[in-house]
Structures are given as C-alpha cells and as structure tokens.
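As structure tokens, the structure follows; a few thoughts come after it.
Count residues from 1 along the sequence.
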Amino acid sequence: MAENAVSEYLQNRELDACAYFGVTDETMQTVSAFTDVIFRRFASRQATDTDRMNVFHALRYSEQDKQSGEWRISFPRDKLDLLMYAFEQAVLAGKPADWKYINAVLNRLSQRSIKTLEQAEDYDIRRDIARNEG
C-alpha cells in the first residue's frame, strides 16, 4: 500500500507538458526531436519520456499573445545552446545525462544571469584565468 501511494503521488507530480497552455502535438514533436538528438550526442543511453519532459521544462518559453490571449510556447536558441552546454559539462564531469548535474549547471548559469552560450564561455575563461592566477 505504501509503495503504491508513493508511486501514485510521484506519477501525479510528473508535470505533463499538456498541462501548459500553448502545447501542441507539433510542440511535443519538436521536444522529442531535440531530446533524441541531444541524447545521441551527449548520453550513453536512450532518452525516456521523463527525459523529454526535462528537456521541455529546460527549453520552453511561454508567452500570451496580448491581442488574441492565446498562449504560445517557443524554444529559444539560447536556451537550447545552454542546455547542450549543460549536457557537455555533465559529460566532462563523467555524469552523462545526469539530470541532477545538468539542472545544477543550468541553475548556476541562471544565478549568474548567464543567458547565452557566449556568456557561459566567457565566464569559464574568466574563472579559469582567476584559478591559474590564484
């Protein structure tokens, strides 16, 4: 009973993309395509539905059209670049496709107000120079 209760809770907590306004079949096909390619390049395993949801949450940008009131979801290139950067950092750390590590990288980038791959690379260079000088 306890196992079923916990499993049911966790299953209900999985935030399905359908809960977001503006999600279409095309949106989910795009997410699936991004996920599959990212996992082929940066992971040693096949992507799962949970991986697809994680990619959706990492990439999505939602906005409501002021005139029509419709919600639109897009996947800005900068978010995709930073997600791939986080995957690359996970590989370099020996943790390919480890979402705990990938989310930590994304959170650190956000905390540092880093919004582009160029900013992330500049930060890495400055950090490495500071380490070598210190």
When rounded to the nearest 0.5 angstrom, what distance separates [atom1] in [X] from [atom2] in [Y]?
X: I38; Y: R41; atom1: CD1; atom2: CZ; answer: 11.0 Å
X: T27; Y: F56; atom1: OG1; atom2: CZ; answer: 7.5 Å
X: E121; Y: I114; atom1: CD; atom2: CD1; answer: 10.5 Å
X: S110; Y: N103; atom1: OG; atom2: CG; answer: 11.5 Å

Do you know the tightest heavy-atom contact between [X] and [Y]?
X: R72; Y: D65; result: NH1-OD2, 3.0 Å
X: A43; Y: P96; result: CA-CB, 4.3 Å
X: K79; Y: R60; result: NZ-O, 3.1 Å
X: L117; Y: D81; result: CB-CB, 4.0 Å
X: R127; Y: D124; result: NH1-OD1, 3.2 Å
X: D51; Y: F39; result: CG-CZ, 3.3 Å

Quiz item: What's in the same ILVMFWY side-chain cluster as I125, cut-off under 4.5 Å, chained through other members?
Solution: I129
Heavy atoms, side chains only, cut-off 4.5 Å: are [X] and [Y] in contact?
X: E63; Y: I73; result: no
X: W71; Y: V23; result: no
X: M28; Y: T24; result: no
X: V31; Y: F75; result: yes
X: Q89; Y: L92; result: yes
X: S32; Y: Q29; result: no
X: L106; Y: Y85; result: no

Quiz item: Is a side-chain donor or acceptor of Q119 paired with a backbone partner of K115 at a separation under 3.5 angstrom?
Solution: yes
Quiz item: Can you check whether E70's main-chain N or O pairs, donor with acceptor, with Q64's side chain at less than 3.5 Å?
Solution: no
Self-check item: ILVMFWY network linking Y123 to V105, side-chain heavy atoms under 4.5 angstrom
Solution: yes
Quiz item: What pairs with D78 under salt bridge (charged side-chain N to carboxylate O under 4.0 Å, His left out), at least two apart in sequence or on another chain?
Solution: none
Quiz item: Is it true that atom CG of D128 has more than 12 heavy atoms of other residues, nucleotides or ligands lying nearer than 6.0 Å?
Solution: yes
Practice problem: Please identify each residue that fulfils side chain to side chain contact (heavy atoms under 4.5 Å, CB included) with A90, with sequence neighbours left out. | Solution: Y101, I102
